[in-house]
Amino acid sequence: MNKEYYETVDKIKFELEKIRPKLIMDGGNIEFINYKDGILKVRFLGECAHCELSHITLKYAIEKTLIEKIPEIKKVLQVKMSVV
């Protein structure tokens with residue numbers, strides 16, 4: 001991984017920290033999973049993980065905000081928690 005990659009990941013984590021309090025207020029949270037080739041993968045936690053409207057939050061709040069602030073991001077995908 002190069003310097004630009006780590007700088008982008010740092011920007012992503014910084015912006016996620018600004019989004020996180022709104023999710024926590026609703027009993028949820030968000031976790032950075034991976035960033036590669038313009039695709040950011042995140043996982044919803046808590047209430048957000050089970051919310052039927054999480055795809056709307058992802059698309060119109062999180063993805064929209066992150067793409068506006070970090071042009072390297074082309075898409076944000078939700079990773080579902082697996083149950084063992």
Side-chain angles (χ1 to χ4, degrees):
M1 302 293 169
N2 59 25
K3 181 181 175 186
E4 291 81 21
Y5 168 82
Y6 291 107
E7 288 173 354
T8 301
V9 169
D10 285 344
K11 287 189 238 176
I12 291 167
K13 290 181 178 181
F14 179 77
E15 292 302 325
L16 287 176
E17 284 303 317
K18 294 197 289 188
I19 294 167
R20 183 170 277 119
K22 294 173 185 151
L23 298 175
I24 290 172
M25 284 177 33
D26 289 332
N29 208 335
I30 191 166
E31 177 182 33
F32 170 88
I33 299 297
N34 191 347
Y35 171 75
K36 185 177 178 184
D37 300 327
I39 309 241
L40 169 62
K41 293 181 182 177
V42 297
R43 179 177 15 229
F44 283 121
L45 303 170
E47 293 299 318
C48 292
H50 310 289
C51 177
E52 293 183 18
L53 301 176
S54 64
H55 65 284
I56 293 171
T57 301
L58 182 72
K59 183 75 176 168
Y60 296 105
I62 296 168
E63 183 178 67
K64 182 178 183 290
T65 299
L66 292 175
I67 288 174
E68 285 174 1
K69 295 187 181 256
I70 307 168
E72 296 88 347
I73 297 174
K74 304 302 177 210
K75 186 164 190 70
V76 179
L77 298 176
Q78 178 182 356
V79 175
K80 299 281 187 176
M81 287 181 70
S82 61
V83 178
V84 178

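For the numbers below, each heavy atom of this structure counts, side chains included, while hydrogens, waters and symmetry mates do not.
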Peer 1: Indicate yes or no: does E17 engage K13 in a salt bridge with an N to O separation below 4.0 Å.
Peer 2: no
Peer 1: Mark yes or no for whether N2, through its side chain, and E4, through its backbone, hold a donor-acceptor pair below 3.5 Å.
Peer 2: yes
Peer 1: Answer yes or no: is there a donor N or O on one side and an acceptor on the other, between the side chain of E63 and the main chain of V76, under 3.5 Å?
Peer 2: yes
Peer 1: How long is the span from the NZ atom in K69 to the NZ atom in K11, to the nearest 0.5 Å?
Peer 2: 12.5 Å
Peer 1: Can you tell me how far apart OG1 (T8) and NZ (K36) are? Round to the nearest 0.5 Å.
Peer 2: 15.0 Å
Peer 1: Do you know the tightest heavy-atom contact between K74 and I67?
Peer 2: O-CD1, 3.6 Å
Peer 1: If I take atom NZ from residue K75 and atom CD1 from residue I73, how far apart are they, to the nearest 0.5 angstrom?
Peer 2: 12.5 Å
Peer 1: Quick one: pull up CD in E72 and CG in L40 and give me the separation to the nearest 0.5 Å.
Peer 2: 12.0 Å
Peer 1: Give the minimum heavy-atom separation between L77 and L58, together with the two atoms involved.
Peer 2: C-CD2, 4.2 Å
Peer 1: Is the side chain of R20 donor-acceptor paired with the backbone N or O of I30 at a distance under 3.5 Å, no angle test?
Peer 2: yes
Peer 1: Considering non-hydrogen atoms only, spot the tightest contact between F44 and S54 and give its length.
Peer 2: CE1-O, 3.7 Å
Peer 1: Could you report the tightest heavy-atom contact between Y5 and Y35, atom names first, then the distance?
Peer 2: CE1-O, 3.1 Å
Peer 1: Can you find a pair of side-chain heavy atoms, one from T57 and one from L23, that are under 4.5 Å apart?
Peer 2: yes
Peer 1: Applying the salt bridge (Lys or Arg N to Asp or Glu O under 4.0 Å) criterion to E31, which one of R43, K41, K80 satisfies it?
Peer 2: R43
